[in-house]
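Chain identifiers are assigned alphabetically (A, B, ...) following the order of the sequence lines, protein sequences preceding nucleic acid strands; residue numbering begins at 1 within each chain.
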There are 2 protein chains.
Amino acid sequence: MSSGLTERRQTILKLVIQEFVETAQPVASETLVRKYRLNVSPATVRNELAALEELGYLTHLHTSAGRVPTDIGYRFFVENLMDRTSLSLPEQRMIRHQFYQVRGELDQWIQLAGSVLARTAQNASVVTPPRSADRLRFRQVELVAIHDTMALAVLVFHGGVVKQQTLALDAVRSPDDLRRCAARISSVLADLELGDVEDLLTRDQQQEGSAEFGDFERQVLDLVARAMDAFEAQAQEQIYSDGLIEMLSQPEFIPALAREDAERAVERMRRALDILKSGRGLGLLIPQALASDGVQVIIGGENSADEMREYSVILARYGVERAVTGVLGVIGPTRMAYPRSISSVRYISSLMSDLLAELYQADQRLPES
Amino acid sequence: MSSGLTERRQTILKLVIQEFVETAQPVASETLVRKYRLNVSPATVRNELAALEELGYLTHLHTSAGRVPTDIGYRFFVENLMDRTSLSLPEQRMIRHQFYQVRGELDQWIQLAGSVLARTAQNASVVTPPRSADRLRFRQVELVAIHDTMALAVLVFHGGVVKQQTLALDAVRSPDDLRRCAARISSVLADLELGDVEDLLTRDQQQEGSAEFGDFERQVLDLVARAMDAFEAQAQEQIYSDGLIEMLSQPEFIPALAREDAERAVERMRRALDILKSGRGLGLLIPQALASDGVQVIIGGENSADEMREYSVILARYGVERAVTGVLGVIGPTRMAYPRSISSVRYISSLMSDLLAELYQADQRLPES
DNA sequence: GTCTGGCACTCTCTTTTCAAGAGTGCTAAA
DNA sequence: TTTAGCACTCTTGAAAAGAGAGTGCCAGAC
């Protein structure tokens, strides 16, 4: 009976999605006619809705309820129907200004990106720190005295990765002592990877008596190896997330608005919490996003993880290609303001890329407000 | 009629609280007799319960429901009835071991403390980073080249406070250049506070032509001033928290178990989230805990903040007296396993104190596993 | 052939009612 | 002072009934 996705059906599909995203209520034929001043009757719209349902773009919760988009419906909307907008210029300017205020602090960039994404998309956000695709390579170490028997070791790796650790000294050391030791180790370990460092250590330990390094130097070497190990071990796992409150303010999590068993809303809340805290359900998506260009949109059941069936994820890679890259994005119920969320993810990822590029090549500049 | 808190009434109060903490259900007279093999009849217990209610230690939700402790009841329990236990030795050992594995990393200590507290108390936890009571005093700066036009500035302050920031260079600088500049600034700023640094900067700017510092040096000075300013500004506010999931797994937040309108459970959940994220309701408690010795227990309405009426907070100061101190603790529904939570807070705070002391005086050692 | 008005039908949602159950409070007796 | 007995209160759950929302379909109009 249905002769495919006619123009009018596409228009109606778009309206249904807009309406549903806005109100979180199943959309009735009469509402569409009244609110959008369609000059056809509700009955006509009903026929079209039935056709759209048969084509798989909409569903019915029960016989006498309005229509709700399916994952396929959202997908078609995102691919073909959606207005491709950007964040407004004042908004962009405000965001740039916020980043400008924390210039120089990578950790703060990450936090800020998470918070801005959450606010603009009114959903949860995830950001992974930028990582190098290569294995970690040592660059140099600085030892700074904190007091007589305590020093701070600042380890710098290629790609601008920095890690600091305190270090209990076995004996009192003068600043000169520290400097000498740091210089020695920096030159010995320069450009080495974790495996090389470990080899060096075991080799040194075997030739007991005529050891190449002093006790103190070996202590620092050990620290370096441990730090590199710890760093590589957690490289994949770390996901910063924010916007829990924003997401949980969505009607899906408020029983009075979701018109359903409050029990289910609570259960959903708990599971959402779990997803964000553990990063489960995102695990596969992130490497995938790291390997793709542009903004990725994963809608509901398109995600293989079953617990994500009711959520959409919008991700984009950011960083400097072939150097360091990370992933950032938004996560929320499938009923999501896709145009706005996508614009936001796109803008923040390009902004973060600019910031990182500045860290890597001085010929790119942070846009100033 | 009631002749005060007799021995037997105290016993019964203790049992009511233990039972209620365990089951989260109002406690009935018959349950007490059956479960704890009291050799009196339920009717006798009922009389005593009525007396305890008149004295203010228990309440009734409605005529035909069991008894529930009041804040006053919990308070009496904590002061007089509670068994004063410690964490078991195996548990202590396991915790120490976990801290041992992240030795040298203050940030990790804080995270770990939060996670351990949450797990042992099955509630949310809060930890503030250790802060000095004095104003921040500069110690030294190191400049580490990241690449040609980018350096990392590591600022070290008195009290072991360290902050790192990247710095875009105005021109290519050799490592020697950087070292010289860092040494110069370190010696000029040594032991200065924020105000002094700012004075120095304005004084230098006024004498235009014959400036005391080079462009590059002034750039670094500026960075230092900004960093100190930012650091002092956020010194009070930063509260790390964990254990949201643990707390939200308490029956109070699960409508099916709380036997009440699910709506209310959801509302409660949302508010709890807000408290943890914003730190509101804790604001007054933390300075208070910083000024007190030992473990502080604030039960329900004892907290002036109204949104905390249903929550208890257990806090302890940690750190090195007169040097750096922070606060850590547990937050959860008033129906809380006080003995265990208090032991846990006490143990972790003393452990963290030991760790920090090690950072300050070498004559104290981290207990090794 | 497409659109529209009308109307029956379905399902939800809310309210009411009723019975069962849990636990207390009180009284009177041991 | 303790206890048994019993009436009373309040909750909880199930079932029933009525209102409302929205669809699906048919028959007629354009």
Side-chain angles (χ1 to χ4, degrees), chain A residues 1-4 6-9 11-12 15-16 19-20 23-35 37-55 57-69 255-265, chain B residues 1-4 6-9 11-12 15-16 19-20 23-35 37-55 57-69 255-265:
Chain A
M1 63 108 74
S2 65
S3 54
T6 62
E7 189 96 9
R8 188 168 70 180
R9 286 176 188 166
T11 309
I12 289 180
L15 292 180
V16 169
E19 180 70 13
F20 182 64
T23 65
Q25 302 293 333
V27 182
S29 54
E30 212 211 311
T31 313
L32 285 176
V33 172
R34 187 167 25 81
K35 190 154 174 181
R37 312 205 165 284
L38 307 184
N39 37 17
V40 289
S41 76
T44 309
V45 175
R46 275 204 290 281
N47 288 332
E48 298 293 59
L49 290 175
L52 281 165
E53 179 159 0
E54 201 182 1
L55 290 166
Y57 297 100
L58 298 176
T59 350
H60 244 181
L61 298 182
H62 37 267
T63 333
S64 85
R67 292 320 204 290
V68 164
L257 299 178
R259 298 182 163 235
E260 67 166 6
D261 240 343
E263 316 259 341
R264 215 171 287 174
Chain B
M1 64 109 71
S2 65
S3 53
T6 63
E7 189 96 9
R8 188 167 72 180
R9 285 176 188 167
T11 310
I12 290 180
L15 292 180
V16 170
E19 181 69 14
F20 183 62
T23 65
Q25 301 294 333
V27 182
S29 53
E30 212 210 312
T31 313
L32 285 176
V33 173
R34 185 167 27 80
K35 189 154 174 183
R37 310 205 167 285
L38 308 184
N39 36 18
V40 290
S41 76
T44 309
V45 174
R46 274 205 291 281
N47 287 331
E48 298 293 58
L49 290 176
L52 282 165
E53 179 159 359
E54 201 183 1
L55 291 165
Y57 297 100
L58 298 176
T59 349
H60 245 182
L61 297 183
H62 37 266
T63 332
S64 86
R67 290 321 202 289
V68 164
L257 299 178
R259 298 178 164 238
E260 66 163 9
D261 238 343
E263 315 260 341
R264 214 171 288 175

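- Straight-line distance from the CZ atom of A:Arg34 to the P atom of D:dA21: 11 Å, rounded to whole Å.
- You'll find that the side chain of B:Ala43 is closest to D:dT3, out of D:dT23, C:dT4, D:dT3.
- Side-chain to base pairing of A:Ser64 with C:dC11: one donor and one acceptor N or O lie within less than 3.5 Å of each other.
- Counting any heavy atom pair closer than 4.0 Å across all strands shown, A:Val33 reaches no nucleic acid atom.
- Protein atom CG of B:Leu49 is 14 Å distant from nucleotide atom P of C:dC26, rounded to whole Å.
- Between A:Gln25 atom CD and C:dT12 atom C1' there is a gap of 13 Å when expressed in whole angstrom units.
- With rounding to whole Å, A:Glu30 atom CD is found 9 Å from D:dT23 atom P.
- For A:Thr63, taking side-chain heavy atoms from C-beta onward, the closest of the listed nucleotides C:dG23, C:dT4, C:dT10 is C:dT10.
- Side-chain N/O atoms of A:Arg8 include none lying less than 4.0 angstrom from OP1 or OP2 on C:dT2.
- Heavy-atom nearest nucleotides on DNA chain D were determined for A:Asn47 and for A:Thr31, and the one closer to the 5' end corresponds to A:Thr31.
- The nearest whole Å value for the distance from the CD atom in B:Glu19 to the C1' atom in C:dG23 is 15 Å.
- For the pair B:Arg46 and A:Ser29, nearest-nucleotide mapping onto DNA chain D gives the more 5' position to B:Arg46.
- Distance B:Ile12 CD1 to D:dT2 P: 10 Å, rounded to the nearest Å.
- Between C:dC3 and A:Thr44, no contact under 4.0 Å exists linking OP1 or OP2 to a side-chain N or O.
- Distance, A:Glu48 CD to D:dG24 C1': 15 Å, rounded to whole Å.
- Annotation for A:Pro42 and A:Ser29: closest pair O-CB, 3.7 Å, computed over non-hydrogen atoms.
- What separates NE2 of B:His60 from C1' of C:dG25 is a distance of 9 Å, to the nearest Å.
- Not one N or O on the side chain of B:Arg9 forms a donor-acceptor pair closer than 3.5 Å with the backbone of B:Ala51.
- The shortest non-hydrogen separation linking B:Arg67 to B:Val16 is O-CG1, 4.4 Å.
- Rounded to the nearest 0.5 angstrom, A:Ile12 CD1 and A:Thr6 OG1 are separated by 7.5 Å.
- At least one side-chain heavy atom of A:Arg8 sits less than 4.5 Å from a side-chain heavy atom of A:Thr44.
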